[in-house]
Amino acid sequence: MSNVRAAVFASGTGSNFQAIMETESLACEVALLVCDKPQAIVLERAKTYNVPTFICDPKQFASKAEYEQVIVERLQEAEISWIFLAGYMRIAGPTLLQAYEGKIVNIHPSLLPEFPGIDAIGQAFKAGAKRTGVTVHFIDEGIDTGPIIAQETVTIQEKDTETSLKEKIQKVEHELYPRVINQLLQSK
Ligand code: GAR
């Protein structure tokens with residue numbers, strides 16, 4: 001097993017987390033799952049892979065800085081060197097960004113800079129776009145901004161519904177994210 005220790009941050013279902021965990025020859029060990037939602041389904045998935053979880057509810061903290069400081073301490077304790085956001089629906093603040101500069105990667109279901117933020121798939125569908133896609137990028141303090149690492153296009157066809165589009169996008173995500181993670185880690 002790789003000696004690079006990574007954390008996945010997720011807020012929801014965790015299908016990307018699962019895709020990462022199912023990757024053969026992943027170039028890192030997923031040593032921690034950080035989750036901001038105590039009821040998130042991804043926590044169940046982590047249990048099945050024996051990945052330790054750190055549930056940190058921002059509502060318990062007076063500020064984003066305090067919330068992120070607690071997370072950073074837990075990451076350092078677990079000797080985490082990379083962070084992969086997989087449906088983590090929060091904007092990172094300076095505390096997290098400075099502690100892990102250049103080491104935080106996000107996946108987003110659109111061809112950024114198009115359709116940032118929440119419900120990117122619905123946004124593209126409702127806009128009548130002919131194509132959308134998936135972006136993997138380093139994060140900065142913005143909403144789904146920061147240097148792009150990889151993008152893949154998904155065509156929206158006449159017959160597509162929002163549900164079929166979501167399925168197509170997720171299929172691309174589940175293949176693209178682990179591949180980009182491995183490329184990133186192997187080039188370091
Ligand atoms: C994924 O489609 C991911 O790209 C998106 O949340 C979904 C999480 O699904 N992230 C964003 O929209 C970030 N702005 P999952 O919980 O099944 O992996």
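Order of appearance sets the numbers: ligands from 1, and atoms from 1 within every ligand. None of these values were measured; they are calculated from a predicted model.
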Where is the nearest protein heavy atom to atom 5 (C) of ligand 1: which residue, which atom, and how far?
Pro109 CD, 3.7 Å
Please say whether Asn16 places an N or O atom under 3.5 Å from an N or O atom belonging to ligand 1.
yes
Distance filter under 4.0 Å to His108 heavy atoms, resulting ligand 1 atoms
4 (O), 11 (C), 12 (O), 13 (C), 14 (N)
Ion pair present between Lys166 and Glu162, side-chain N to carboxylate O less than 4.0 angstrom?
no
Can a non-hydrogen atom of Met89 be found less than 4.0 Å from any atom of ligand 1?
yes
One thing to verify: whether Lys168 and Glu173 come together as a salt bridge, which I'm taking to mean a side-chain N less than 4.0 angstrom from a carboxylate O.
no
Sub-4.0 Å atoms of ligand 1 with respect to non-hydrogen atoms of Asp144:
13 (C), 14 (N)
Under a 3.5 Å threshold, yes or no: a donor from one side chain and an acceptor from the other, between Thr95 and Gln69?
no
Of all the non-hydrogen atoms in the protein, which one sits nearest to atom 16 (O) of ligand 1, and at what distance?
Gly14 N, 2.7 Å
The protein heavy atom nearest to atom 10 (N) of ligand 1 is Ile107 O, 3.6 Å
So if I count the atoms of ligand 1 from 1 in the order they appear, which ones are less than 4.0 Å from some heavy atom of Thr13?
16 (O), 17 (O)
Transitively linked via ILVMFWY side-chain contacts under 4.5 Å: Leu26 with Tyr177?
yes
Nearest neighbour in protein (non-hydrogen) for atom 17 (O) of ligand 1
Ser15 OG, 2.6 Å
Could you tell me whether Asp36 and Lys59 make a salt bridge, using a distance below 4.0 angstrom between a side-chain N and a carboxylate O?
no
So which heavy atom in the protein is nearest atom 2 (O) of ligand 1, and how far is it from that ligand atom?
Glu173 OE1, 2.9 Å
Can you tell me how far OH of Tyr67 sits from CD of Gln60, rounded to the nearest 0.5 angstrom?
11.0 Å
List the closest protein heavy-atom neighbour of atom 8 (C) of ligand 1: residue, atom name, distance to the nearest 0.1 Å.
Gly87 CA, 3.6 Å
salt_bridge(Arg45, Glu22) N-O dist < 4.0 Å:
no
Would you say Gln39 and Lys37 are linked by a side-chain donor-acceptor pair, where the criterion is simply a distance under 3.5 Å?
no
